[in-house]
Every structure is written in C-alpha cells, then in structure tokens.
Amino acid sequence: MSSLNDTLHRVTQRVIEKSKGSRGRYLDLIRREADNQPDRNQVSCSNLAHAYAGALEDQKALMAQRGPNIGIVSAYNDMLSAHQPYGRYPERLKIYAREVGATAQVAGATPAMCDGVTQGESGMELSLFSRDVIALSTGVALSHAMYDGALMLGICDKIVPGLLIGALRFGHLPAIFVPSGPMPSGISNKQKQATRQLYAEGKATRAQLLESELGSYHSPGTCTFYGTANSNQMMMEMMGLHIPGSAFVQPGTQLRQALDRAAVHRVAEIGIGGDDYRPIGHCVDEKAIINAAVGLLATGGSTNHAIHIPAMARAAGVQLDWTDLSDLSSVVPLLASVYPNGSGDVNHFHTAGGMGYVIRELLDAGLAHQDVMTVGDSDLSRYGEEPGLDGETLTWRDVGPSGDDTMLRPASDPFQKDGGMRLVEGNLGRATFKTSAVSEDRYTVEAPCRVFEHQADVTAAFKAGELDCDVVVVVRHQGPRANGMPELHSLTPPLAVLQERGYKVALVTDGRMSGASGKVPAAIHCTPEALGGGPLAKLRDGDMVKLCAKTGALSTTADLSTRDAVADPAGETGFGRELFTMFRTNADGAEQGGSAMLAMAGL
C-alpha cells in the first residue's frame, strides 16, 4: 500500500475537524447505550414471554440465554425483484444462527419501494422520504432491546441508506448488511437504450418497448445497471459492512449461501460479550464515510449518493459536504466503466474483478483508508480480495489483473484521471454534475434557458418541436420541500435525442436524476431549491445560463437581484403525498441530505 494521497488525507482531516463536536456526542451516545444494554435476566418475565412466544424451536435457547440473539431487519417484498429472494431468508438465517449457538428473530420489516416502478409517476414523490421512513422502521425494529446484533436485509435505492441510518442510532450493536445479489444479465444495454430512444422519437411501439424492457429486467435479483441499488452495494463493501466480496454474487448460488452463512456466524462473534466487539457505530467513522465517497467516485456511481452519503454520515455524527466530495473527485481516478457509463453491466464488472479489484487498486494507490474497523476479521485489505469456495469452505484469494480493460482499469491507467462527480456553483446555487457518463466536449453548455415546472411539460415541448435548438432546460420546484425531490429520469431520452440531433443541451434542476441517468450534461440537486425564493425561481425563458464542469460554473447573466421569485406551487395531494407533508415542510437542503427526520432531531 502506498502512502495516503495528500488530498485524501487533507479532506479526511477536514471532515474529522468539522465533526469533532457531533462525532463526540455520537460516541458518547453509543457508549452510554452499550452500558445500558439490558441484561435480559433483569427484564420482566412478562416482557420476555411476549418476545419468546413465537420462537418455536428457539424458545428454550432464548429462555436459557445460551448465546446471542440476532435481530433480522428485512425489507422483503416480492414486487421489487432485488428483494424477492429475501422471502426465504429468515428460515435459513435462523438455521445458520443455531450452528454457532445463537438465535435469530425477525425484528421488523421496512417498506421497500422501487424507483424503477415509480419513475415519472406520482409515487416517485414519496421516494426520497421513504428513506426516513425506513430509518424510522429500523428504529422501531431494534427498539425492543432483545438483540445482541443485527442483520440488515436490503439492497436498493433509499433502502440501504435508510437501514444504515436507523442501525447507526443503535450504534452499540454490531450489524452486517446481507445483499442477495444481481439477476443474470439480459439483453445488451446498447440494445435497450436504442429501443428507448426509438420510442421517444415515435419509431417504436409501446409493445416493442415493453418487450425490450422485460428482456432487461426479467427475474429475481437486483437490476444489473450501475444505478443507486448497485452503488449501495459498492458502498457497503467500501465501508466494510458486508462479508467481503458479497456485493455482486447472484442469488441462489452456493457461494451466495456461503456468504449469507458467514454473515450470521460473524455477527454472532462481534457482539458486546465477545472478544472482538465491532459495533456499527465504530465501524462507520470519518474514514469509512470518506471510503464510501471514494468508491462512488472511482466507479462512477449514482448521483443519488451526493444526497445519501451526507445523510448517512450525519447519523454517525460525521459532517461531509459537496466541497469535500468535489475535492476528493479531483484526485480519485475513474477505474470502472459500467452501464450507463459503459457497455457492460454489474455481472460483467464482477466477472472482470469487481469490488475486490477496485478496492485493491485504491489501497495500493493510497486512495482509500485501510485502517478502518470492518465487520470482517481484518481491516479493509480483505475487501481487496475475492471470495470463492474450496469444497464447501469459504475462502478469499487475490483478484489478479483486470479481466476486461473495457470495464476495469488500474489506477495507473484509469478511464479518467478524476472522479465521476463535480461541484458546480454560482449565482444559481450549488449543484452536482456527474461527468463520468458525459463526453468531455459536452462539459460546457451556454445557451438560452427554457423554464418548466413539471417534467411532463418538457416532454410535451419536445414532442411539439419547441426544443429543437441549443437550450438549457430548467425544471424547478422539484426539491425536497417542494414535492419530495422525485427523480426525473424520464427526461433523459428526449434530451439525449436533442443532443444527438447536434444541439447543445443541458439540464438544470433542483430535483434528482436517476442513478442510471446518462450522457446529457446536468446540474442536479440544485440548492437552495426554488421553493421559497431560491435562484431558480427567478429565472425566465430566454435567460442565458452557463453550465461548465471544467470551471465549476452554474450561472446566469440575468440580474436576479432585480426580480421577484415566482409564486410557490400548491402542494399536490393524492397517492399518499399529503401524508408526507411533515417531511416536505421540515426537510433540509439536498447538500445536507434532504431529511426532515435528521433536521428535526438536531443531527
């Protein structure tokens, strides 16, 4: 391992300094909670009877307190393909627990919505705040104080961040994340993307589009593009919260089951009463958060994590912002090219060397912190290897060189010398620009803007030919407090078509784009948001707007100081949106994580 990169060291020290007060309070909390962990011999027998009544064959072991009791927090549902395999997990995990003298109980369930199903629909306005609901549900699950450790069953979009935020507030407990793996690869991503654009141009039927989509999303397992769900799995590896190498092993395989078994055995070993206590609150520290950010940049991961990483960090008392992320991006090379940034999917990425290759390269280049507490039996170095089986025994081995240099490259010869995200800022606010999917000749767009309040209006203007020109499309009032900050992924195909017609096109929005969004330059998560008079609320059609990833500019030549902001839109109702009014009203900015729950808790 090389000495630590100077910028990585400087950013880490800055984050540690910013976090001194909040991290200190957090460590005091989990130390107090560990001291107050109830001895179940002192808990009312009536309480225990309620907890043990449904335990069946584990009831006697629980009554005798023969070993640790592990709480399973599951985000299972069988509408979400990534989570469908979790349906049978509890019975298997309980068997694995008994093998080491432990017990396991399903502590609780969390919701798990699919952003792929809600894209462009009303339900997408609940998506970001579902993260807070999941964190709250995790808190409810663990509040029973019956558990010596936890297994977190979740994979997708807001689910892993929510589970982690909830688990961190019980940071005195060990917790291991247990993924179920990606579905097998379907049709090529190039073919899928081509059909989407043909449909956007009216050259493919709806039946042809549906057939194409089903050729891609076809069976249980995580979707295979490198969006938010798979970026979550990358981060859990970078933070050391998986059994090493677990992220992208497919469901139903012998190796998958061996990794699941190892997770149960390991969480039973690292509790308070053992010789290797590894509480999740100590695993997730400033260095682990930096590692998550580095992994995001090195792999060109989902832009959604520019929101989730600060939120997860806050739950552990760590303060990280977009300046930190941008400074890291200046030195972290892009090592992976996974669809939508490249042609191959996560299965191809995993076969080529996957996370073991990425972590080894980052450690060897001094671009990640090796000296972090992980849930494994060592520091992060074990995560730079790959798992395998020797008969039925789980082993780890060297990854070797990249198996496909169109997907994975060494730090000495990366796809880009810097990471996949940059901070852009100016008189229109601060925003995130994902460069890893955009060709460098499109890093700068300066053009008159067209301002929209709804993404459907952009599609209508595109179909009417109103956008056949150089244009910066501004979609405002899409922030956390306006409407829950929905993803605007449906804008990608029409804007990509305009770009292919030879126009200079960019998007500026206070909303989110999907983790799967591609090649159109975009300033997203713009903060302050338009609601309440942010700069975007003062833009007018025809104002010149400049977006430049090279200089970090997000600005207009219009004199916004002389203008009044447009009126805030009325809040929408229906599809349960009114039930989330308290989340919208109290949410903080995108750069802080867009969370009402964390803001109101003073975290």
Side-chain angles (χ1 to χ4, degrees), residues 7 296-297 300 303 306-307 321-334 340-341 414-452 458 467 469-476 478-479 488 491-492 495-496 498-513 517-530 534-561 589-591:
T7 298
L296 182 72
L297 297 164
T303 55
I307 300 170
D321 60 31
W322 291 347
T323 298
D324 301 319
L325 194 62
S326 189
D327 285 355
L328 290 171
S329 186
S330 70
V331 296
V332 175
L334 183 65
N341 303 343
F415 292 97
Q416 292 179 192
K417 292 183 178 180
D418 66 348
M421 292 187 193
R422 297 186 186 179
L423 171 68
V424 289
E425 57 186 333
N427 61 354
L428 291 178
R430 288 163 65 90
T432 303
F433 188 132
K434 182 178 179 180
T435 60
S436 55
V438 178
S439 62
E440 192 168 351
D441 61 344
R442 292 174 175 148
Y443 277 11
T444 303
V445 176
E446 187 168 12
C449 71
R450 278 290 306 274
V451 182
F452 299 91
V458 179
L467 301 179
C469 57
D470 292 350
V471 63
V472 175
V473 172
V474 176
V475 186
R476 65 189 178 193
Q478 305 297 310
L488 307 176
L491 297 178
T492 302
L495 295 181
L498 293 173
Q499 189 169 261
E500 289 189 357
R501 289 176 182 170
Y503 300 116
K504 292 182 178 180
V505 181
L507 173 70
V508 175
T509 181
D510 50 6
R512 293 184 293 124
M513 290 294 283
S517 297
K519 56 192 176 182
V520 177
I524 58 177
H525 314 152
C526 193
T527 184
E529 63 178 284
L536 295 187
K538 299 180 180 181
L539 277 179
R540 304 289 183 266
D541 284 348
D543 288 344
M544 290 296 295
V545 170
K546 182 176 183 178
L547 172 62
C548 181
K550 292 182 178 179
T551 63
L554 175 61
S555 60
T556 179
T557 56
D559 184 0
L560 302 182
S561 66
E591 188 169 5

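Both backbone and side-chain heavy atoms feed into the values below; hydrogens, waters and symmetry mates do not.
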Student: Keeping the roles fixed (side chain from Asp541, backbone from Val451), state whether a donor-acceptor pair exists under 3.5 Å.
Tutor: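 Answer holds: yes.
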Student: Indicate yes or no for a side-chain donor-acceptor contact from Ser329 to the backbone of Met421 under 3.5 Å, with no hydrogens or angles considered.
Tutor: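 The answer is yes, because a donor-acceptor pair under 3.5 Å joins these two groups.
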Student: Heavy atoms only: give me the nearest Ala431-Leu554 pair and the separation to one decimal.
Tutor: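 Taking every non-hydrogen atom into account, CB-CD2, 3.8 Å.
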Student: How would you list, by chain and number, every residue that makes a side-chain hydrogen bond (donor to acceptor under 3.5 Å, both in side chains) with Thr323, sequence neighbours excluded?
Tutor: Arg430
Student: Looking only at heavy atoms, what is the nearest atom pair of Tyr503 and Asp470, with distance?
Tutor: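 Answer, listing the atom of Tyr503 first, then Asp470: CA-OD1, 3.5 Å.
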Student: Write down the atom of Pro528, the atom of Gly429, and the distance for their closest heavy-atom approach.
Tutor: CD-CA, 4.4 Å
Student: Nearest 0.5 Å, what's the SG-CG distance between Cys449 and Leu536?
Tutor: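 It is 9.5 Å, given to the nearest 0.5 Å.
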Student: Hey, which of Val458, Val445, Leu495 is the one that makes side-chain contact (heavy atoms from CB on, under 4.5 Å) with Leu507?
Tutor: Leu495
Student: Are the side chains of Leu491 and Val475 in contact, using a 4.5 Å heavy-atom criterion?
Tutor: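 Of all side-chain heavy-atom pairs linking Leu491 with Val475, at least one is under 4.5 Å.
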Student: If I take atom CG from residue Leu334 and atom CG from residue Leu297, how far apart are they, to the nearest 0.5 angstrom?
Tutor: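 Atom-to-atom, Leu334:CG and Leu297:CG are 9.0 Å apart.
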Student: Would you mind telling me which of Val545, Leu539, Thr556 makes a side-chain contact (heavy atoms from CB on, under 4.5 Å) with Val472?
Tutor: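 So the option named by the test is Val545.
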Student: Quick check: closest heavy atoms across Val520 and Thr492, and the distance to 0.1 Å?
Tutor: CG2-O, 4.4 Å
Student: Can you tell me if Arg476 uses its side chain to pair, donor with acceptor, with the backbone of Ala530 under 3.5 Å?
Tutor: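 Not at all, since once roles are kept as given, no pair shorter than 3.5 Å links the two residues.
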Student: Going through the checks in order, is the side chain to side chain contact (heavy atoms under 4.5 Å, CB included) test met by Val505 and Leu467?
Tutor: CA-CA 9 Å; Val505 181; Leu467 301 179; over 6 Å; no
Student: Applying side chain to side chain contact (heavy atoms under 4.5 Å, CB included), can you list everything that pairs with Ser439, at least two apart in sequence or on another chain?
Tutor: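 Listed in chain order: Asp441, Arg442.
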Student: Could you tell me which non-hydrogen atom of Gly419 sits nearest to which non-hydrogen atom of Gln416, and how far apart they are?
Tutor: O-NE2, 3.8 Å
Student: If you measure from CD on Glu425 to SG on Cys526, what distance do you get to the nearest 0.5 Å?
Tutor: 11.0 Å
Student: Any donor and acceptor pair, going by atom type alone, linking the side chain of Asp510 with main-chain N or O of Gln478 inside 3.5 Å?
Tutor: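 Looks like yes, one N/O pair under 3.5 Å.
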Student: Can you tell me how far apart OG (Ser561) and NZ (Lys538) are? Round to the nearest 0.5 Å.
Tutor: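 If we round to the nearest 0.5 Å, Ser561:OG and Lys538:NZ are 7.5 Å apart.
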Student: Using only atom types and a distance under 3.5 Å, with no angle test, would you say the side chain of Lys434 pairs donor to acceptor with the backbone of Gly300?
Tutor: yes
Student: Within the side chain of Trp322, is there an N or O that forms a donor-acceptor pair under 3.5 Å with the backbone of Ala306?
Tutor: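 Present.
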Student: State, yes or no, whether a side-chain contact exists between Met544 and Pro448 at a heavy-atom distance under 4.5 Å.
Tutor: yes
Student: Quick check: closest heavy atoms across Ser330 and Thr7, and the distance to 0.1 Å?
Tutor: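 It is OG-CG2, 4.4 Å.
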Student: Can you list every salt bridge (charged side-chain N to carboxylate O under 4.0 Å, His left out) pair that touches residues 543-556, not counting sequence neighbours?
Tutor: Asp543-Arg563
Student: side-chain hydrogen bond (donor to acceptor under 3.5 Å, both in side chains) with Glu500: which residues, sequence neighbours excluded?
Tutor: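 Result, side-chain hydrogen bond (donor to acceptor under 3.5 Å, both in side chains) vs Glu500: Gln197, Lys519.
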Student: How would you list all residue pairs meeting salt bridge (charged side-chain N to carboxylate O under 4.0 Å, His left out) that involve residues 324-334, not counting sequence neighbours?
Tutor: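 Qualifying pairs: Arg10-Asp327, Arg14-Asp324, Arg14-Asp327, Lys18-Asp324.
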Student: Can you name the residues that form a side-chain hydrogen bond (donor to acceptor under 3.5 Å, both in side chains) with Thr557, not counting sequence neighbours?
Tutor: none
Student: For a side-chain contact (heavy atoms from CB on, under 4.5 Å) with Thr432, tell me which candidate from Ile307, Ile524, Thr527 qualifies.
Tutor: Ile524
